[in-house]
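Please read the structure below before turning to the comments.
None of the values given here were measured: they were computed from a predicted structure.
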Amino acid sequence: GLEQSVLSRVPGYALLKNIAQSLVGPEEGESCAVVLAKFGESWQIGLRMEGPTDGLVTVYIPGSPNPRSGSVRFISVDRIRPAGISLNAALGCLRQAGAGSGELLRSLSAGAASAKRES
C-alpha cells in the first residue's frame with residue numbers, strides 16, 4: 001500500500017526499483033525490459049515500462065552518461081523490439097557513452113537480418 005500511494009509518486013522510483021531488482025537477480029515477469037526503440041533511421045536503448053495499450057508502449061529513454069535523466073515516450077509496438085541484453089548491461093553501456101555496445105549492436109543486426117528474411 002505504501003509503495004502504491006507514496007513511493008510510486010517519487011520521480012524515478014520505478015526505474016530505481018527495477019535497477020535494484022536487477023542487481024538481486026531477474027524476476028519472472030520483470031516489468032522493466034530493455035528494448036531498442038526506432039526513431040527515424042536510428043535506434044535507441046529504452047526501458048519498456050508499460051504496455052502495450054491500444055498499440056502503444058510506454059518507454060523510458062535513458063540519457064547518457066546519466067541514465068537517471070531521460071524522457072518518456074509512447075511508441076507504437078512495431079517500432080520497438082527486445083534488446084536481448086540485461087538491464088545492467090544497458091545501463092553500463094549508457095554510463096560509458098556507448099563503449100562496450102557490441103552485444104547490443106549484434107542484437108540489432110540479427111534482428112534486421114531476420115526481418116529481411118521474413119519479407
- request: Enter the distance from Arg73:CZ to Met49:CE here, rounded to the nearest 0.5 Å.
  value: 15.0 Å
- request: Could you tell me which non-hydrogen atom of Ser64 sits nearest to which non-hydrogen atom of Ala97, and how far apart they are?
  value: OG-CA, 3.4 Å
task: Show your reasoning for whether side chain to side chain contact (heavy atoms under 4.5 Å, CB included) applies to Leu47 and Val34.
output: CA-CA 5 Å; Leu47 305 175; Val34 179; 3.9 Å; yes
- prompt: Between Gly46 and Pro62, which heavy-atom pair has the shortest distance, and what is it?
  reply: CA-CD, 4.1 Å
message: Is it the case that atom CG in Asn66 sees more than 12 heavy atoms from other parts of the structure closer than 6.0 Å?
response: yes
field: Between CH2 on residue Trp43 and CG on residue Leu36, distance to nearest 0.5 Å
entry: 6.5 Å
query: Is it the case that one hydrophobic cluster holds both Leu87 and Tyr60, taking links as side-chain heavy atoms less than 4.5 Å apart, direct or via other members?
result: yes
field: Listed partners of Ala37 passing side chain to side chain contact (heavy atoms under 4.5 Å, CB included), at least two apart
entry: Phe39, Ile61, Ile75, Ile80
field: With Pro52 via side chain to side chain contact (heavy atoms under 4.5 Å, CB included) - residues at least two apart
entry: Val57, Val77
message: Side-chain heavy atoms nearer than 4.5 Å, only ILVMFWY residues, links allowed to pass through others: does that put Val59 and Leu56 together?
response: no
- request: Find the distance between CZ (Arg68) and CG (Leu94) and round it off to the nearest 0.5 Å.
  value: 13.0 Å
task: Only counting residues at least two apart or in another chain, list the ones meeting side-chain hydrogen bond (donor to acceptor under 3.5 Å, both in side chains) with Asp78.
output: Ser76
statement: Nearest heavy-atom contact between Ala89 and Ser86 is N-OG, 3.0 Å
